[in-house]
Protein chains: 2
Amino acid sequence: MEAITIKDIAKALNLSTSTVSRALRNSYEINPETKKLVMEYAERMNYRPNPIALSLKDSKSKSIGVIIPEIANHFFSQLINGIESIAYNLGYHVVIFQSHDSYEREVANTNYLVSRKVDGLLVSLASLTTDLFHFQDLMERGLPIVFLDRVPKEIETHKVVADNFAGAYEATKHLIQSGRKRIAHLTSPIYLSNTTERLAGYKQALEDHQLPFDESYVKYCHYGGKIVSENEAAIQEMLSLPEPPDAIFTASDKLTTGCMAVLQQKKIRIPDEIAIVGFTNIGVADLLNPPLTAVVQPAMDMGQQAVELLIRLIEHPQKNAEFEIRSLKTSLIIRQSSGHS
Amino acid sequence: MEAITIKDIAKALNLSTSTVSRALRNSYEINPETKKLVMEYAERMNYRPNPIALSLKDSKSKSIGVIIPEIANHFFSQLINGIESIAYNLGYHVVIFQSHDSYEREVANTNYLVSRKVDGLLVSLASLTTDLFHFQDLMERGLPIVFLDRVPKEIETHKVVADNFAGAYEATKHLIQSGRKRIAHLTSPIYLSNTTERLAGYKQALEDHQLPFDESYVKYCHYGGKIVSENEAAIQEMLSLPEPPDAIFTASDKLTTGCMAVLQQKKIRIPDEIAIVGFTNIGVADLLNPPLTAVVQPAMDMGQQAVELLIRLIEHPQKNAEFEIRSLKTSLIIRQSSGHS
DNA sequence: ATGAAAGCGCTAACAC
DNA sequence: GTGTTAGCGCTTTCAT
C-alpha cells in the first residue's frame, strides 16, 4: 500500500524535494538531465502525487458536489451520466447527494458538501425548497454554484434548463391538433421553475388555439408523483369534474407513469378515453401500453453543459459576472398514447 | 469563504492549537473550564474541522469508490441509492465511476480512485473483465474491496449477490408450469458470475421437469443488450431454429427490454407466441405491453449490505479473514408476459 | 493542565 | 540549476 512520495524520490536520487517537485512539473529551471532522471524514476516507481496533500496546499479539492432530488429516476440518472463524463475528463470527481425533494435534506447536504470542501456545486432544487438562503450565503462567500433543470429565479448564476415552455407548448398543441378539447395538466409544486414554465407553455398553447384555460384542470402534486395516493387523488378529482378531461399532459417521469398506472387500474382506456403526453425521459416509452408520446429532455447534454459552466466558474472566477442561462431544446416523440391517428 | 481553523480559535482565546485540538476532542486532560470556553467559541463561530487536513494526517479519506457498469440502469441506480444512504450515515462519501462494461475503463477507474486515496472499493465487474490483476494487486497491498452483483470467483473477500440460481430456477419453473416447452435463455457474457449462476438455475429447472437442455436455445450477448443489433441477431437466430422457442428467459434489464422491443417490432405476440420472464428491476414493469413478469433483485438492500461490509473491513481490518458471501433472495412477480393463465 | 514542535505530501518564495 | 524553509490544518509526542 505504501505509496511512494516525492521525498522517497529525492532520497533515492540524492536531490532535494523541491528539485524533484519542479522536475516533475517540468519547470524550465531544471536541468534537462535531472529532469529526465527524475521523471524516469518516478515513472518506474509508479509515482502518483498525493491529491490530498495538493488539496490541503491550495485548498482546492478538485471535486464538485451534486445535489439532485433523486438518483433512481431516468431523467436524473442520465443527467449524472453527463456530469460524470465531463467532470472525469476535466480531472474533477463528483460527489452526489439526493435531497429526496426535502428542503431539510437539501440544506444538510449542502452544508456537508461545503464542509468537505468541494470546489463548486451543481444543484437541481428540491420541489419543496422555497427558502434559498443556504445557497445565496455560499455564493456570497465565493462558492461557485450552477443550477440545472430546477433553478431559482432569485439567484444570479449560470443555469442550464430544458426549454420547458416550448416543450409544454408543443405537447399541448399536439394534443389539440389530435382533436382533444379538454386537456388537463398534472404537475409538480408551483415553486419549481419547471412547473411555472411548463404551465405557461400549456396555457399559451390553449390560448393560441382558442381553448379556454380552466384552473380546475390543473393539479399540483406536492410530492411530484412519488406518493401514489396523492397522484390517485389528483386524477380522481379530474375525473369527477362535470366535464372530465379527454387528455392529460403530465409534467415529469413519476407523474407520467403514476398517471398511467392509475388510469390503467381504473380501466380507463388510453388514448380512447383519455390521451396522455408526458414530460419524461423514461427509456421504455416504446414498450408501454400504449406506447407513450413523450417530451424528451436532452438530459446527458444538460448535465455536460452544466459541469462545463461550473468548472469554468471554478477555474476562472468572474468578478462582475455575466451569467448564462442555457435553454436546451426538448423533442416531442409521438407514439400512440396521445391518440394521434 | 475563509473557514475558521483551530489556529484562529487558539489566537482568539489565547491558547495553543494543541489545547484547542484536545478540548474539541474532549480530552480528559483539559480543564473543564477551558474545554467549555473552546467548545462554545467553536460552536459560535461554526467551526468545522478541515477533512482534508485530517485525511493528510492519517491517510484516511473517509470516502469509498464505487465502480459499476453504468448508472442509467434501474438495477444499478437502485444499488447506488442503497450505497449512498448507508455510507452517508456512517460518515463516508461515495465516488462513483462507470466502467461501461469495458475492461480498460474499469482498470483506469480503479487506478484513478486509488490515486485519489479512497479507503475502499465497491465493485460490480464489467462484463468483459476476465483479468483480475488490478484488483488482486490492490487487495494484496491492503485495500479493502467488496464485490457485489457481478463478482469474481477467484478473489477472496466479502461478496454480496442476489440468489441468481434460485431466481433463474423459479423463473424457468414458472414458464414450464405455464405450459411452455421450448424455453430459450438470452443472457450476458459467460464470464460473469451472474450469467453462470442464472444459467445453472435455468438448466436445473429444465432437468427437474424433464425438459431437454438445448445449447442452441442459449444466446450470449457480448454487450449485454446495449447494442441493439447484437440483440436482434441473437433473437433472430433463436427464431430461425427448426423449433423456435415458445418462451424466453432474459437475464438483465437491457436484455429484457431489448428483447421485448425486437419481438414487438417483428410483430410477435407476447405471450401468445412467445412468453417472457425477465431478470429486471425496471420500475414500470406493470405498464409494459404486456405487463412484464419479472425476477426482481433487492437492489437497495444489496447496496446497503455491501457498504456495511466494506466499511467494517475498512475500520476493522481482518488478518486471516473470514469472508462472507451474502446471497439475497429475489422475488418473482408474475404478470401477463409469461402467459400464466 | 497547557504549550512547543514535528510531521502528513506537496509547492513556492527565497536563498545561493 | 538546485537546496532550504515555511506553510496548508490538524494531531500527537514530548516538555514543562
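Protein chains get the first letters and strands the later ones, always in sequence-line order, with residue 1 at the start of each. Since the model is a prediction, treat every value here as computed from it, not as a measurement. Note: hydrogens, waters and symmetry copies are ignored here, and every other heavy atom, side chains too, is used.
- Put simply, the side chain of Ser55(A) gets close to the backbone of Lys60(A): a donor and an acceptor are under 3.5 Å apart.
- Closest contact between the side chain of Ile6(B) and the listed nucleotides dA1(C), dC10(D), dG9(C) involves dC10(D).
- Summarising the geometry, the separation between CD on Glu33(B) and P on dA1(C) is reported as 12 Å, rounded to the nearest angstrom.
- Lys36(A) places its NZ atom 18 Å from the P atom of dG1(D), with the value rounded to the nearest Å.
- Between the side chain of Asp149(B) and the main chain of Ser124(B), no donor-acceptor pair closer than 3.5 Å is present.
- Not one N or O on the side chain of His93(B) forms a donor-acceptor pair closer than 3.5 Å with the backbone of Ser63(B).
- DNA chain D is contacted by Ser18(B), Ser21(B), Arg22(B), Arg25(B) of residues 12-25 of chain B, taking any non-hydrogen atom closer than 4.0 Å.
- Phosphate contact (OP1/OP2 of dG1(D), side-chain N/O of Thr34(A), threshold under 4.0 Å): absent.
- Residue pairs meeting the side-chain hydrogen bond (donor to acceptor under 3.5 Å, both in side chains) criterion with at least one partner in residues 32-43 of chain A, sequence neighbours excluded, are Asn26(A)-Lys35(A).
- Following rounding to the nearest Å, Lys11(B) (NZ) and dG3(C) (P) show an atom-to-atom distance of 15 Å.
- In this structure, Lys117(A) atom NZ and dC8(D) atom C1' are separated by 12 Å, rounded to whole Å.
- Scanning residues 40-64 of chain A for heavy-atom distances under 4.0 Å to DNA chain D yields Leu56(A), Lys57(A).
- A donor-acceptor contact shorter than 3.5 Å links the side chain of Asp119(B) to the backbone of Ser61(B).
- The two residues Val307(A) and Gly303(A) have their closest heavy-atom pair at CG2-O, 2.9 Å.
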Could you pull out all donor-acceptor pairs under 3.5 Å where a side-chain atom in residues 69-82 of chain B meets a protein atom, sequence neighbours excluded?
{"residue": "Glu70(B)", "atom": "OE2", "partner": "Lys254(B)", "partner atom": "NZ", "Å": "3.0"}
{"residue": "Asn73(B)", "atom": "OD1", "partner": "Phe75(B)", "partner atom": "N", "Å": "2.9"}
{"residue": "Asn73(B)", "atom": "OD1", "partner": "Phe76(B)", "partner atom": "N", "Å": "3.3"}
{"residue": "His74(B)", "atom": "NE2", "partner": "His74(A)", "partner atom": "NE2", "Å": "3.0"}
{"residue": "Ser77(B)", "atom": "OG", "partner": "Asn73(B)", "partner atom": "O", "Å": "3.2"}
{"residue": "Ser77(B)", "atom": "OG", "partner": "His74(B)", "partner atom": "O", "Å": "3.4"}
{"residue": "Asn81(B)", "atom": "ND2", "partner": "Gln98(A)", "partner atom": "OE1", "Å": "3.0"}

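- Separating the CD atom of Glu29(A) from the C1' atom of dG3(D) is a distance of 12 Å, rounded to the nearest angstrom.
- Judged purely by atom type and a 3.5 angstrom limit, Asp8(B) uses its side chain to pair as donor or acceptor with the backbone of Thr5(B).
- For dC8(D), the OP1/OP2 oxygens have no side-chain nitrogen or oxygen of Thr5(B) closer than 4.0 Å.
- If you take CG on Leu128(A) and CZ on Arg105(A), they are separated by 13.0 Å, rounding to the nearest 0.5 Å.
- For Ile4(A) and dC8(C), the CD1 to C1' distance is 16 Å, given to the nearest whole Å.
- Note on Lys7(A): every side-chain N or O is 4.0 Å or more away from OP1 and OP2 of dG7(C).
- The ring pair (Phe, Tyr, Trp, His ring centres under 6.0 Å) check on Phe97(A) picks up Tyr112(A), Tyr88(B), with sequence neighbours excluded.
- From one end of the helix from dA1(C)-dT16(D) to dC16(C)-dG1(D) to the other, with five pairs defining each end axis, the axis direction shifts by 60° (rounded to 10°).
- A donor-acceptor pair is defined here as one N or O able to donate and one able to accept, closer than 3.5 Å; such a pair exists between the side chain of Ser193(A) and the backbone of Val151(A).
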